[in-house]
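Whatever order the structure lists them in is the order used to number ligands and atoms, beginning at 1.
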Amino acid sequence: MIAPKPLPRANSLAPYTPGLSVAAIRETYGVENVVKLASNENPLGASPLAREALARAAAEVFRYPRGGNPELVSALAAAVAVPESRLVVGNGSDEIIDLLTRIMAEAGRHNMLCFDPCFAIYPIQAQIAGVETRRAPLKPDFSFDFDALLNLADENTRLAFITTPDNPSGYAPPREEVEKFAARLARRAPKALLVIDEAYADFAPDEKAVSLLAAGNLPPNVAFLRTMSKSYGLAGARIGFAVLPANVADAFRRARLPFSVNILAERCALAALRDAAFREATLKTVSDGRRRLTEALLNLGCRVWPSSANFLMFQLPEGADPDTIFNELLKNGVIIRSLKSYGLPEYFRVSVGSPRENGVFRAALARALKNGLPARD
Ligand SMILES: *Cc1c(COP(=O)(O)O)cnc(C)c1O
């Protein structure tokens, strides 16, 4: 019998665990109104201009997009004030992470560095590319142990991934610490590319204080990842972009699938980039909601980590069982993110939603805690 045989490194992959979907919760619990605060999506939905552009683009759907998406590349390069030659787009940052891993590192020979815990896509794509992952634990307060990360580097290190603001904690180191790390990595592993995933950087109270890209500092060994999934409200359209060193950008463009950013996504993205008002409203909704939600969680006795992103990491009050509370929330149609898949079974992550969504979450959590906490005498 013929038995096609995938590589062991593909067979043994533990796939990415996404947040639960609205449809799944409707089916399982029969609740009509579901509030999803599990995937850090935009609390205001999508820009009306982007939705109109999408509708208009329907007539063009029989066409291929222009190879390399030059119009979008040009608009994004202008938005982040970098030369077009250094900007690339992908089917979400996920595709960019995957391709960077494959163009920088050789299977069975090179290694990649990241923190533990971190965004799961980095180690998953490294595994499928046959690249060894070396992980340095975060400090107990979820700040970055750059010394430990640097100590893992050797002559075969080709990539290092850091996320700032970090997922799932929301922690963002001061920009100067990241600059220092980039310089130290360049000395220790000159062939390594430091990939700074800034998916949430524009939600930081002071973006320039945490983002090298926003501050206009582009060290020669650094790649920046950004996405239109969060502050631009286009998670479903799948548009990520990166600012790369020029020679890496060149290799990336050669290796890239020519049409991975499709024509509908491209039209949508161009319109979203023109809708400054929507983006401003998003940033304001998130910063107000983050403050209020932090207060609400503290008032319920939770431990909350300071966050520069559009989500909060928290722990329940002493004595509350995470599984029980999580399931109670689901039954009430509220989806948050359990951090089990990050190796943090006692922790949750909740996205900052609209004021209404935040209110529904707060009330459901208060009720669940009241029923789920051991009675005090
Ligand atoms: C949400 C997120 C992204 C964005 O991914 P897309 O593929 O662009 O949707 C990237 N990195 C991190 C850490 C994220 O949490």
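Among protein heavy atoms, atom 6 (P) of ligand 1 sits closest to Ser93 N, 3.4 Å. Asp197 OD2, 3.4 Å is the protein heavy atom nearest to atom 12 (C) of ligand 1.
Here Phe259 pairs with Tyr64 under the ring-ring contact (aromatic ring centres under 6.0 Å, His included) rule; sequence neighbours left out. Tyr122 is linked by a ring-ring contact (aromatic ring centres under 6.0 Å, His included) to Phe119, Phe161, counting only residues two or more places apart in sequence or in another chain.
At least one N or O atom of Ser229 sits closer than 3.5 Å to an N or O atom of ligand 1. An N or O contact shorter than 3.5 Å links Tyr200 to ligand 1 by distance.
Side-chain contact, Asn358 with Arg292: no donor N or O sits under 3.5 Å from an acceptor N or O.
Contact between Asn40 and ligand 1 is absent, with no heavy atom of the residue lying under 4.0 Å from the ligand.
Taking the six-membered ring where the residue is Trp, Phe348 and Phe326 present parallel rings, their angle staying beneath 30° rather than reaching 60°.
Residue Thr163 has at least one heavy-atom neighbour below 4.0 Å for each of these atoms of ligand 1: 13 (C). Using a 4.0 Å cut-off to heavy atoms of Gly92, the atoms of ligand 1 that qualify are 6 (P), 7 (O), 8 (O).
Between Trp305 and Phe142, a ring centre-to-centre spacing shorter than 6.0 Å is recorded.
Using a distance-only test at 3.5 Å, with no hydrogens or angles considered, no donor-acceptor pair links the side chain of Ser211 to the main chain of Glu207.
In the candidate list Arg238, Arg349, Lys230, Lys230 is nearest to atom 14 (C) of ligand 1, counting heavy atoms.
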